[in-house]
2 protein chains.
Amino acid sequence: MQRNGRDVAGGARPEVPAEVPPADGVVDAPATIPAARERARAIPQAAVGRLAVYLRVLSALIDQGVTTISSEELAGAAGVNSAKLRKDLSYVGSYGTRGVGYDTALLVEHIERLLGLTRHHSVAVVGIGNLGHALANYDGFPSRGFPVAALFDIDEDLIGVPVGGLPVDRIDDVPRVCARREITIGVVCTPAVAAQSVCDLLVDGGVRCILNFAPVVLQVPEGVEVRKVDLAVEMQILSFLDARRADGLLPVIELVDGLAVGR
Amino acid sequence: MQRNGRDVAGGARPEVPAEVPPADGVVDAPATIPAARERARAIPQAAVGRLAVYLRVLSALIDQGVTTISSEELAGAAGVNSAKLRKDLSYVGSYGTRGVGYDTALLVEHIERLLGLTRHHSVAVVGIGNLGHALANYDGFPSRGFPVAALFDIDEDLIGVPVGGLPVDRIDDVPRVCARREITIGVVCTPAVAAQSVCDLLVDGGVRCILNFAPVVLQVPEGVEVRKVDLAVEMQILSFLDARRADGLLPVIELVDGLAVGR
DNA sequence: TATTGTGAAACAGTTCACAGCG
DNA sequence: CGCTGTGAACTGTTTCACAATA
C-alpha cells in the first residue's frame, strides 16, 4: 500500500517490507522479535497517547474554522512543548509545511489512520453499576467513534432493562453476543472479584482489547491488550504530590533512610 | 511553561519560571538545574503509581492473613516483575528481610506514609452528570481514604438533592464550601466547556489537587497538581494497539509489557 | 523568513546480575 | 542458602539546536 504513515518513523531505515510475523501461537520466539519490531515502526507508546490528544484538539480547532496551525500553537493548546509535538507528529509522517505549519484537516486524517480509527469499533460494557451505567451513557465514546453496542450484568433484575437505550444482557451471554455484534473493546466495570471471569468471557467472545476499571490485575492470553484505569490510584498519586509539596518541596525522599521526615 | 497535560504534571518544578527557556545559542551550564530537581524528587513518577498498586495488593493479602511475602510473589500479584518491585520498594526504604521477604503490615505502613495517606483528604466532585453521579457513589474513594465531602452542579434542579447521601451544592459556592470543608482534591466531571472555570473556582477554594475527567487541558497556577483521565484517549490507544496487531507486525509480548501489564 | 523535521545529546525509567546479609 | 537491595548497563523518551525548505 502506498500509505506510509507508520514506517516513516524517524530514524528508521527506508522501508523494509514487513517481515512475516511469527505465527500467533509461537510463544517463545526469543531474540529475533525485537529486531523485527524495531524495524516495523518505532513509535513510542507515550507518543500514541499524545497523538490522541492532538486529535481532539485539532477537531475542536477545525470546528472553529482553523485550517492551519503551527507546532507552537498546537502544542500550547495540547499542553506540551513544541519540540515534543513536532517529534510526535514526525512519527505520523511529514505533513507540515515549513514556514507555515500544519493543515489541520490533513493532520486529523493521518492521525486517525495511524490510530486505527478508520476501523470499526464497537464497545461492550460489563457491569452496569454506578460506573458502568455512567459509561453506557458517556457521550465521549460514541462521539469519538466508539459506539456502545452491548451491556451486560449479572443481576437478573437488570436484564432487559434499557440503559442509554440499550437493553442489558446476561453475563453468560457475553461470548455469544460479543461475537455476534463484533465487539472489539470490552470495558470491565464489575467489582474486583468478578473482573477476571468477566475478562475471560470477553476473550472467549473474541474481544482483544479491554479497558479495566476494576482494581485487579487481569491475566489475559497473548494477543489481548489491557489498559487499566484505577481511580483510587490516581487519587493516591495526587496525595503523594500534595504531601511532597506540603513537606516543603524537597527534603524527604532523599534521606529516606531516616524516613523520619515524612509527614 | 505548561505541564504536560497527559501525564502527571510532573512534580513541583523548583523555580524554573514559566517563560524562560534558554534562548537559542548557548546551552547553559547543563548540570546545575537537573541536580537541584533530582534532589527534590528522587522517586520516579511511574514508581509512585505502582506503589499505590502494591498497597492495594498488600491490603488484600493482609486481609487473608498473609504476614510475610517475597518480592517474587508480591510482584506476581501486582503484575510487575520482581526486579522492578524491589527497586520501587527501595525508594520507600529498606524494610525487607534478606532471605525472608517483606513484612506486609510494615510495608503498608511505610508506603502509606510515603504516599501521604496519613494526611486527611476530602474530595469534591463537580459536575453531577452520569460520571459525577457514579463517582459520588464510588466505593473505591472512601474505602481507600478519600471521603467525598462535597458535590456541586450548575443545574438548579439538582441543588439540595442528595446523591450518595450528600446534597448537591451550587457551583458558585465551590470556593466557599471547599474552603470550609477543607477539600484537598477536586474531581472535575463537567462538560469540556465548563471545566476551566470550575477548575479556577476550585483553586480559589484552596484546592491544590485536581483529577480531571473533562477532555480539555486545564491551566492551573504553579503549585496545583492536575491528573487527567481521558476515557476516549484510552480507547484510542487500544484502537492503535489493535490496528497494529491486525496489520501483521505484532510483537505483542513486548508491547503488553511496556504498556499495560508488567508480566 | 518562519517553521518544520530530525539527528544527536540529555535524561528518565527498567532490567540485569550479583554483593551483602539474615 | 535464599532473598533483598542496588550499582551498572540498557532501553525508552524528551529536549536541543539547527539544517532544510516552502
Side-chain angles (χ1 to χ4, degrees), chain A residues 8-13 34-35 37-38 41-51 68-75 80-103 106-107 256-257, chain B residues 1-4 6-8 10-11 16 21-38 40-51 68-75 80-103 106-107 251 254-255 257-259 261-263:
Chain A
V8 159
R13 295 284 133 263
R37 158 156 165 263
E38 228 152 309
R41 27 210 137 143
I43 165 161
Q45 39 130 331
V48 174
R50 288 190 301 264
L51 284 168
T68 296
I69 192 166
S70 70
S71 62
E72 201 71 52
E73 295 171 296
L74 182 51
V80 302
N81 67 50
S82 65
K84 192 188 281 180
L85 178 125
R86 289 200 303 281
K87 187 64 125 182
D88 288 344
L89 292 184
S90 79
Y91 297 124
V92 181
S94 294
Y95 300 115
T97 303
R98 290 165 197 241
V100 178
Y102 299 89
D103 178 283
L106 189 65
L107 210 43
V256 165
D257 274 41
Chain B
M1 153 171 320
Q2 246 312 101
R3 7 200 99 205
N4 192 328
R6 174 182 116 57
D7 53 12
V8 183
V16 194
D24 12 26
V26 189
V27 187
D28 64 317
T32 58
I33 293 177
R37 179 178 310 166
E38 220 152 321
R41 50 167 195 65
I43 165 165
Q45 181 59 237
V48 175
R50 288 191 301 266
L51 284 168
T68 298
I69 192 166
S70 71
S71 62
E72 200 70 53
E73 295 170 296
L74 182 52
V80 303
N81 67 51
S82 65
K84 191 187 281 180
L85 178 125
R86 287 199 305 278
K87 186 65 116 182
D88 289 344
L89 293 185
S90 78
Y91 297 123
V92 182
S94 294
Y95 300 115
T97 305
R98 293 167 196 238
V100 178
Y102 299 89
D103 179 283
L106 188 67
L107 211 42
E254 297 281 309
L255 282 176
D257 229 21
L259 276 167
V261 209
R263 224 277 289 195

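From a predicted model like this one, the values you see are computed outputs, not experimental measurements. Naming convention: chains lettered A, B, ... in sequence-line order (proteins, then strands); numbering from 1 in each chain.
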Rounded to the nearest angstrom, tell me the gap between atom CZ in A:R86 and atom P in D:dC16. 11 Å

Can you measure A:E72 atom CD to C:dT4 atom P for me and round it to whole angstrom units? 8 Å

I'd like to check B:L51 versus B:L89 (side-chain heavy atoms, cut-off strictly below 4.5 Å). Are they in contact? yes

Separation of atom CD1 in B:I43 from atom P in D:dT6, rounded to whole Å: 14 Å

Would you please confirm or rule out a distance under 4.0 Å between OP1 or OP2 of C:dT14 and any side-chain N or O of B:K87? no

Under 3.5 Å, which protein N or O atoms sit close to an N or O of nucleotides 19-21 of chain D? Give each pair with its distance.
{"unit_1": "D:dA20", "atom_1": "N3", "unit_2": "A:R98", "atom_2": "NH1", "d": "2.6"}

Mind checking whether B:I69 and B:L107 have side chains closer than 4.5 Å, heavy atoms only? no

Taking OP1 and OP2 of D:dT14, is either one under 4.0 Å from a side-chain nitrogen or oxygen of A:N81? no

Quick one: is A:R50 getting a side-chain N or O under 4.0 Å of the D:dT14 phosphate, OP1 or OP2? yes

What's the shortest heavy-atom distance between A:K84 and A:N81, and which atoms? N-OD1, 2.8 Å

Nearest 0.5 Å, please: how far is OH in A:Y95 from OG in A:S90? 11.5 Å

Both A:A47 and A:T97 contact DNA chain D. Taking the nearest nucleotide for each, which residue is further toward the 5' end? A:A47

To the nearest Å, how far apart are B:L85 CG and C:dT15 P? 12 Å

How many Å lie between CG on B:D103 and C1' on D:dT4, as a whole number? 14 Å

I need the CG-C1' distance between A:D88 and C:dG5, as an integer number of Å. 13 Å

Checking B:R86 now: which residues fulfil salt bridge (Lys or Arg N to Asp or Glu O under 4.0 Å) with it, not counting sequence neighbours? none

Quick one: A:K84 NZ to C:dG5 P, roughly how many Å, whole number? 18 Å

Atom pair OG1/OH of A:T68 and A:Y102 - distance to nearest 0.5 Å: 12.5 Å

D:dG12, OP1 or OP2 - any side-chain N/O from A:Y91 closer than 4.0 Å? no

B:S71, nearest nucleotide to its side chain (from C:dG13, D:dT4, C:dT6): D:dT4

Partner residues of B:A47 under the side chain to side chain contact (heavy atoms under 4.5 Å, CB included) criterion, sequence neighbours left out: B:I43, B:P44, B:R50, B:D88, B:Y91

N/O (side chain, A:S70) to phosphate O (OP1/OP2, C:dT3) under 4.0 Å: no

Ignoring backbone atoms, test whether B:Y95 places a side-chain nitrogen or oxygen under 4.0 Å from the OP1 or OP2 oxygen of D:dC3. no

Give the rounded distance in Å between these two atoms: CG of B:L89 and P of C:dT14. 14 Å

